[in-house]
Undergrad: 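Okay, here's the structure, questions in a sec.
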Amino acid sequence: MNVRSRIAALGILAVAAAAALTGCSAAAQGSTSSAPASAAAKEPLTLYAAVAYDSMVSKAFTAKTGIPVKVVDDSTGPLLTKIAAEKNNPQWSLFWADGATAYASLDQQGLLAPFTPSASYDSVGQSVVPSDHSYTPTGVTLVPGLIYNSAKISAPTSYNDLLSSTFADKGGMNDPSQSGPTYPLIAGLMNQFGGEKNGVAKGEAYLTKLKANGIKVYPTNGDTLHALETGQIQYGLIQSSAALGEVLTAKTTATFKPKVVYLSKSTLLPANLAMSKSLDATQKAEAGKFIDFALSPEGQALMQKADPAGDSLFYPIVKGGTPLPGMTAFPTAYQTIDPKFWGPLQGQVTTWFDSTVK
Amino acid sequence: VTALTTLRDAATNMGLATRTTTGAAARLPRRRRRVSALTLFWIVVVAILILPIALFLAVAFSPALLDQGTQWFTVDAFSQALTGQLLVGVLHSLGVGLATAILSAAIGFALSWVVVRTNAPGRRLATGVVFALLLAPSYLIALGWERLLEPNGVLDVLGVPDSGLRAVIYGPVGIVLVLTMKGIPFAFLAISNAVRGLGHEFEDALRVHGGGRFAAMRLNVSMLAPAIWAALAIVFAESVSDFGVATTLANDSHFTVATYTLYTAVQAFPVNFPVASAVSWVLLVLVALALLAQGRALGGRSFRVLGGRSRPAVRRHLSPLGTAGSTALIVVVIVVGVGVPAFGAVSASLIGHLGSLGVHSLTLDNYARVISSPDLSQPLGFSAVLATITATITLAMATVCARLLSSRGDTLGGRVLDLVLLGAVALPGIVFAAGYIFAYNLPLTNTLGIHLYGTTTLLVLAYIATALPSTSRVLVGTMSQLQDSMTHASRVHGSGALRAWLTIVLPVVSRPLLSAWLLTFTATLLELPVSQLLAPAGTEPVSVGINVALGKYDFGGATAMEVLAILFALAVVAAGYALYRVAAPIGWRTIGKAR
């Protein structure tokens, strides 16, 4: 018993020592992440972000304003899990990710503070701004960007084309339960085929036919692109930025020449910034400055610079913005979907997709 | 039976009647303290294990408790979770878990025996392979197999007919295969430590009394029972809670497992924690069943075979047939667990346009970029420091846990600790981490001035809690073998408790402690789910860095980072064993060494 107690005491001593050690290192990190002199009176912001340009924009913002920003950079899924688990005591100030449905859900749970930015949006931008201003779009991508191997097939011209024998056993898409942009893609198809009233039934009918025509389902954008590169499929329905990135970076050969087209219609998938309702007045003002900075010409330029083969391939929606060179022209036929209507249907549609299409 | 009876007589004659020594221990005077060290140990266990798990499990019944719903008491989550799909998934998980546990324990036992007790060529390679398996995430092994066997995959391109093998691997057989590979390291470390502590005297006694080789092996297996059951339990729990295979191979082959339901609940908008919690209850029931089986198998028996009179084992010189068999075993594990996935990934990168995952990683530019860019190299340094701290503290705590778990007599404390430790393994990491947020981000704790959430301290505590169950299990086999008589002798001769432990117990358990430390270090270095949810803002553990790079399609950078992290971990393992060989006193190294 004594021996055991001693061992236990040693264990606890070790825990205490490590707690002290790591506490020190945490404190040290805290001091390094804050900005110099002028930041003394500013309250630090915590940005949860799943976009590739988050760090670059944050650093520039801190350099300009002196407001320290701590970035938690991860995929959308884990960040939403964190936000949900923190619900009774939110630790985040700003959340920046693709897709409006998650934001609509956070808004419905009363977690977002409204904000109206000073920048002016173009017509595309205005179409994705929520009426209650609970979140702020910073750019848009499209779903689906249809990427196809032009060395093997010619481009389809409509969604119905994909049901023809020409495209039988040639297509791939992502799994909505694993890939963030895929549920908005499916919801977009549903919205287009049957509106909010009959969309689910019409969309399910279309996807069932697509399945009968041999479409394959892969976990995420990267896996669908891998299937395209390896010739398992000849076209993929994915997010436009991933598709355009592949076109810009893939080595073309006689048998592999990827191109991107937008079918009528593609659905807008905005990247959004939202601020937490739990912020105090000072923090809210600072978070507002951050959003305004992201929408400023300087912020937009940084967003386009950070990841030129991926997330930077978005279409600007602030007046005066232009997309990066080499991107497929923005389609004339596009649509927006109401995230407050389609968001809550995600579980139902994903379960149906799991059992019927996958 | 005759052989065993004879053996018991022989053991009694050798002075190994452990009941007598235990009786003596009970009569030793005890000092009374107000708060014993053991109480403090339990407080730590409650803080880092029981509280987070309990709060997460409470959400299934009371979502309002943690702002996850409006109801204070409900069973809705269970009625939502307990669908036909989940029940099928539970049955599948049960089958997969059992098959994986038995296979891993069998292979782990065979490997341990070959490495510790035979002169098989390639036995030195086995330990390295075991750590390589430990480092490779299950999704990576599964993905390697998929790259090889998928339609238009490597084998198709090479013109090898693979449809038959594809049908087999894309299903329960493939899932069990991949999970078995992930289970082997735990089984091997748990069992090989115990094999080292098993002297040769029992086998000698049995053989002298006319027992054959088969009877000798049966005797050895029965005396190694605590380690073997520890291996079975830990591999079972790891398998039923696995996420990596659930989302890759199981998903692609439409073979539903229980964790998949949990995964969809956590991935939904809004995140459905009550349903995830209900599924966790189901996983806990599975683990409780495993513990029940273990309890029935080991109950009331003593396995204390490691004392002052233990005889060194004899390394067996294998016949040509034995050499061939043991070599085949090592080769199969290398090929299936490391070779095929590596071949799948690398060959995919060599065949033109067979996947961008490898194409980029073949140029050294990515490695140069990772090493030179602080954004990519800092995470490795950060994780290495945390893994070192975690491994050291976990080792101290796991030693206590293993001692408590292996103590004779079925105490309530021991049983609770057993359930908590295994339950922590059975809950997927993401659930465990969410429990940490529930427990340490309460407004109440903040009001009390405790701000642990979002600090490196809490991340380390969660790492410890994640590592503690498996590290304890790996040590249980060894701890079950220790006879108290040696320590008592030391105390009788005037040593204090600490001195007795350091001079008597430490030398005997030094090598198992080293392997347990290395196990914890390597497992923590690349830990993902807890790191994702608990890493403080502004810091990035290496696994999160890799994941973020993958999310941005920077496959080259991600692969380079992963390869560097794995090489670093293997270098630490090699350095650890080399240092032990050079620096540990010769007496320490002799224990468990076969002649």
Side-chain angles (χ1 to χ4, degrees), chain A residues 1-12 14-15 18-19 21-23 25-26 29 33 46 52 70-75 77-78 80-82 84-89 91 101-102 105 109 177-178 219 222 225-226 229-232 242 245 253 256 307 309-311 343 346-347 350 358, chain B residues 30 36-38 40-41 44 66-68 150-152 247 254 264 266-271 273 352-357 389 392-393 396-397 399-400 403 430 434 437-438 441-443 446 453-457 460 487 497-498 500-501 532-533 536-540 544 547-548 550-553:
Chain A
M1 190 67 183
N2 276 336
V3 177
R4 220 179 282 158
S5 302
R6 286 293 174 104
I7 301 167
L10 269 181
I12 289 151
V15 172
L21 259 177
T22 50
S25 67
Q29 276 148 14
S33 67
T46 304
K70 289 189 278 183
V71 182
V72 178
D73 186 14
D74 209 328
S75 313
L80 284 168
T81 309
K82 241 170 118 78
E86 289 173 7
K87 214 168 150 190
N88 59 0
N89 191 14
Q91 300 295 316
T101 45
S105 156
Q109 294 170 62
S177 66
Q178 295 188 61
L225 286 173
H226 166 81
E229 287 176 355
T230 53
Q232 297 177 52
T253 62
F256 185 65
D307 184 24
D311 282 357
Q346 177 163 2
T350 306
K358 211 158 82 182
Chain B
R30 290 177 188 175
S36 75
L38 206 60
L40 279 176
F41 168 80
V44 174
L66 292 152
D67 231 354
Q68 299 299 324
E150 67 193 355
N152 293 5
T247 53
H254 305 288
T264 45
V266 176
Q267 292 290 316
F269 304 133
V271 178
F273 281 125
H353 272 301
L354 206 65
S356 49
L357 262 174
I389 297 171
T392 309
I393 302 170
M397 292 190 64
T399 311
V400 183
R403 190 77 179 132
I430 195 158
I437 300 182
F438 289 155
N441 189 40
L442 288 172
N446 285 185
Y453 177 51
T455 64
T456 317
T457 307
V460 169
T487 326
L498 188 62
W501 195 87
Q532 273 188 319
L533 290 203
T539 64
E540 196 172 63
V544 178
N547 205 44
V548 168
L550 279 176
K552 291 170 186 164
Y553 315 116

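Letters A, B, ... are given to chains in the order of the sequence lines, protein chains preceding strands, and every chain is numbered from 1.
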Undergrad: Please name the pair of heavy atoms, one in Asp73(A) and one in Val544(B), separated by the smallest distance, quoted to 0.1 Å.
TA: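 Smallest interatomic distance, heavy atoms only, reads O-CG1, 3.9 Å.
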
Undergrad: Using non-hydrogen atoms only, which part of Thr46(A) is less than 4.5 Å away from chain B: side chain, backbone, both, or neither?
TA: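 Side chain only.
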
Undergrad: Please find the pair of heavy atoms, one from Ala84(A) and one from Phe273(B), that lie closest to each other, and give the distance.
TA: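 Closest approach of Ala84(A) to Phe273(B), heavy atoms only: CB-CE1, 3.6 Å.
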
Undergrad: Can you find a side-chain donor-acceptor pair between Asn441(B) and Glu86(A) that sits under 3.5 Å?
TA: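 Per modelled atom types, Asn441(B) and Glu86(A) side chains form no pair under 3.5 Å.
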
Undergrad: Please give me the minimum heavy-atom distance between Ile437(B) and Lys82(A), naming the atom from each residue.
TA: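 In this case the closest contact between Ile437(B) and Lys82(A) is CD1-CG, 4.1 Å.
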
Undergrad: Please find the pair of heavy atoms, one from Leu533(B) and one from Pro78(A), that lie closest to each other, and give the distance.
TA: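 It is CD2-O, 3.4 Å.
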
